[in-house]
Protein chains: 2
Amino acid sequence: MKHSSSGKDEEKKARKSAPVRLKDIARDMGLSTVTISKVLRGHSDIGEETRKRVLKRMKEMHYQPNFAARALITGKTWTIGLVVPDLLHPFFAQVAKSISAEIRGQGYCLMITSSEEDPELEQQEIDQLLARRVDALLIASAQWTVESFRRIEERKIPYVLIDRKFAGLGANFVGVDDELVGILATNHLIERGCRRIAHIRGPETSTALGRAEGYRRALAEHSLPAIPGHILSIGSSGDDRGEPGGFEATRKLLAFKARPDGIFCFNDPVALGAMRAILGAGLRIPQDIAVVGCGNVLYSDFLRVPLTSVDQDSSAIGKRAAALALSLVGAKGTVRPKTELVVPRLIVRESTLRNQK
Amino acid sequence: MKHSSSGKDEEKKARKSAPVRLKDIARDMGLSTVTISKVLRGHSDIGEETRKRVLKRMKEMHYQPNFAARALITGKTWTIGLVVPDLLHPFFAQVAKSISAEIRGQGYCLMITSSEEDPELEQQEIDQLLARRVDALLIASAQWTVESFRRIEERKIPYVLIDRKFAGLGANFVGVDDELVGILATNHLIERGCRRIAHIRGPETSTALGRAEGYRRALAEHSLPAIPGHILSIGSSGDDRGEPGGFEATRKLLAFKARPDGIFCFNDPVALGAMRAILGAGLRIPQDIAVVGCGNVLYSDFLRVPLTSVDQDSSAIGKRAAALALSLVGAKGTVRPKTELVVPRLIVRESTLRNQK
DNA sequence: CATGATTGCGTAAACGATAACTCAGCCCAA
DNA sequence: TTGGGCTGAGTTATCGTTTACGCAATCATG
């Protein structure tokens with residue numbers, strides 16, 4: 001039996017076709033708001049028959065809970081924040097995609113913001129997400145300092161670093177084993193007979209440092225000399241100038257007296273720039289110079305010279321980062337920070353297809 | 001002069017270092033909550049001297065408004081929802097990126113969800129975003145029907161369709177002029193001397209229809225015959241199988257008695273598949289068959305054969321869609337739906353570099 | 001000098017939901 | 001008959017802000 005609504009609510013409904021509230025259902029069924037709320041949340045307090053009736057009526061009236069009201073009292077927003085340096089970069093796009101897929105089923109939504117590789121902008125975006133009280137934060141950071149992370153910690157909001165980590169910061173981290181990336185790539189070049197292997201490294205991030213370290217270790221283990229000037233950097237302005245950076249760095253390498261016969265590039269865009277420079281100078285890939293990239297971006301098998309690349313399994317990184325974040329949200333007290341390393345995999349293509357050792 | 005807090009709030013602060021509230025500032029300064037709130041929103045009600053003092057103290061105490069509380073009473077979430085078929089697709093990634101950049105400055109955040117080209121999932125995601133009361137919705141839809149849009153309209157939430165539009169739906173739309181895309185591409189092939197031009201079209205979306213129509217019109221205007229069987233489709237399963245779809249379609253075209261000498265492909269992934277098939281069959285691009293794609297994706301100038309492509313200016317699409325959405329949020333009553341078409345631009349590369357007419 | 005407007009701030013009641021109690025009725029054992 | 005424990009509801013306060021008023025004090029006006 002229906003009960004009539006009060007005049008005020010009636011008017012409001014007519015004016016703006018407002019969404020139904022618990023109160024509306026309660027009045028409609030002659031029950032109290034709390035009873036409806038309890039049914040909604042599966043409280044054991046409610047009689048079986050009442051529960052069924054309410055559930056049915058809720059469906060009929062197309063009830064959808066008001067997240068704002070809920071968040072206000074429970075403190076939970078059912079929202080995860082993600083900050084990436086560049087959404088256009090296939091690596092981060094894939095990470096975002098798999099995070100989204102992972103949390104979707106658990107009822108969470110994803111707020112994505114891009115820092116455009118700008119530390120200051122990243123700070124702002126983090127603040128914005130904190131102000132919105134996201135339940136957890138996933139960050140592929142372009143920072144130099146750890147200041148903004150301290151701020152997150154103050155707020156006691158769980159966060160997970162993706163791809164790039166920070167020394168001296170006891171934070172959760174999910175990313176690829178960068179040293180292994182460097183080793184894999186460099187070992188492969190060595191196996192293919194390269195003896196003067198250069199490395200074009202990225203800016204001052206953990207990622208770049210790790211890969212460079214792996215490169216050095218691989219050379220050392222094969223007793224190959226680390227030729228001075230064979231490690232170049234694309235500069236500090238971030239990932240975005242990867243291609244031009246790779247191009248310029250390679251031009252310098254080509255002018256070098258001991259011209260390299262293999263180049264391990266920080267990532268695929270850099271490798272593209274490198275290949276452009278090599279081919280532009282009239283040299284052949286891989287006969288004169290072999291090239292390895294990292295990231296295994298889309299279409300890298302259909303490039304002018306199909307590119308050998310180290311796959312970071314970005315999809316797994318996203319998935320595991322999301323799962324880790326969700327577990328932190330559910331956790332009671334403070335949990336010991338966890339580091340999860342994904343194992344990289346070498347994808348061999350034409351850019352290193354030369355005479356074996 | 002500071003006033004002491006009540007025991008209860010004190011305890012809470014200590015336990016979880018809760019964010020400061022208006023109440024905290026008010027008590028701290030011996031003012032009322034409302035006064036602080038008014039200062040925050042720039043009400044003209046407050047004396048100049050008080051305003052300055054409050055503003056200063058707010059900064060000092062690192063006040064950040066609680067969005068949930070605000071949303072609860074004002075109905076505004078300062079959140080925009082975006083639904084795309086696939087974040088990994090560079091087109092949508094770029095659109096997302098520029099939307100994000102456009103709304104950032106206005107204080108909005110972006111909730112991004114991916115439908116994975118699945119209409120049912122898209123419905124769910126739209127519902128989810130509606131339940132969260134986003135201020136506006138941007139959708140690049142994978143739907144067949146207009147049902148879910150009706151639902152959005154019921155809720156009176158402004159929405160803008162991106163890239164794909166629907167006949168018979170009076171909705172806001174921002175996308176490329178698809179017919180012009182088809183004309184541009186086909187005319188170009190004709191100018192380059194192609195006479196048997198095939199088209200590999202996309203699934204049943206407005207985008208695919210428009211491009212196919214442009215293709216037909218261009219042929220007709222040059223009095224070229226529309227050879228039966230020269231229009232193939234990659235199938236209905238969406239954009240994601242672009243590359244294999246293009247490959248298979250092209251294999252069929254190659255087996256055709258009147259083998260085409262030019263192919264206009266629905267998009268770049270399809271074009272990649274097509275090129276793979278052509279080269280795999282031992283034919284040359286563009287000498288035997290010229291290829292045009294659409295989308296002008298990253299690195300398409302460094303492919304095995306650099307690909308001529310129609311640029312959709314996805315960045316402009318995102319920017320204008322965002323601006324349109326924001327204007328709708330601000331608008332008072334119902335506004336007449338607006339359609340904004342971005343003008344496509346042909347980027348000529350090697351895949352069509354053959355003897356001119 | 002009384003009246004009315006203006007300035008500057010405070011009070012109380014929402015917004016929609018949940019948390020923490022309370023409480024009536026019933027059953028059962030002592 | 002009394003008391004204790006369930007069961008299945010309802011009451012009330014609260015989350016942090018905003019909205020709509022209320023109301024002194026000051027100022028101008030005739």
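Just so you know, these numbers come straight off a predicted model, no measurement behind them. We name chains A, B, ... by the order of the sequence lines, and we start the count at 1 in each one.
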For the side chain of [X], starting at C-beta, report the closest nucleotide among [options].
X: T35(B); options: dG16(D), dC9(C), dG10(C); result: dG10(C)
X: D45(B); options: dA9(D), dG8(C), dT18(D); result: dG8(C)
X: T74(A); options: dG16(C), dT19(D), dT18(C); result: dT18(C)
X: A69(B); options: dT11(D), dT18(D), dT17(D); result: dT17(D)
X: L72(A); options: dG10(D), dT17(D), dC15(D); result: dC15(D)
X: R41(A); options: dT17(D), dA19(C), dA9(D); result: dA19(C)
X: R21(B); options: dT17(D), dC9(C), dA17(C); result: dT17(D)
X: T33(B); options: dT18(D), dT11(D), dT11(C); result: dT18(D)
X: R70(A); options: dT18(C), dC15(C), dT17(D); result: dT18(C)

Nearest whole angstrom, please: distance from the [atom2] of [N] to the [atom1] of [X].
X: R51(B); N: dG8(C); atom1: CZ; atom2: P; result: 10 Å
X: M58(A); N: dA17(C); atom1: CE; atom2: P; result: 11 Å
X: L22(A); N: dG10(D); atom1: CG; atom2: P; result: 13 Å
X: H43(A); N: dA17(C); atom1: NE2; atom2: C1'; result: 13 Å
X: K23(B); N: dG10(C); atom1: NZ; atom2: P; result: 16 Å
X: I46(A); N: dC6(D); atom1: CD1; atom2: P; result: 18 Å
X: I73(A); N: dA17(C); atom1: CD1; atom2: P; result: 12 Å
X: K76(B); N: dT19(D); atom1: NZ; atom2: P; result: 12 Å

Using a distance-only test with no angle check, is there a side-chain donor-acceptor pair under 3.5 angstrom linking [X] and [Y]?
X: Q128(A); Y: T113(A); answer: no
X: Q124(B); Y: R104(A); answer: no
X: S114(A); Y: E116(A); answer: yes
X: T79(B); Y: R132(A); answer: yes

Query raised in the report: Any donor-acceptor pair under 3.5 Å joining the side chain of K38(B) to the base of dG8(C)?
Result: no
Query raised in the report: What residues, two or more places apart in sequence or in another chain, satisfy ring-ring contact (aromatic ring centres under 6.0 Å, His included) together with F173(B)?
Result: none
Query raised in the report: When the ring planes of Y108(A) and W78(A) are compared, do they come out parallel, tilted or perpendicular, using 30° and 60° as the limits?
Result: tilted
Requested in this report: Ignoring backbone atoms, test whether Y63(A) places a side-chain nitrogen or oxygen under 4.0 Å from the OP1 or OP2 oxygen of dG16(C).
Outcome: no
Requested in this report: Check every strand shown and say whether F67(B) touches a base, only sugar-phosphate, or nothing at a heavy-atom separation below 4.0 Å.
Outcome: nothing
Query raised in the report: At under 4.0 Å between heavy atoms, what does N66(A) touch on the DNA or RNA strands: base, sugar-phosphate, or nothing?
Result: sugar-phosphate
Query raised in the report: Of S32(A) and Q64(B), whose closest DNA chain D nucleotide lies nearer the 5' terminus?
Result: S32(A)
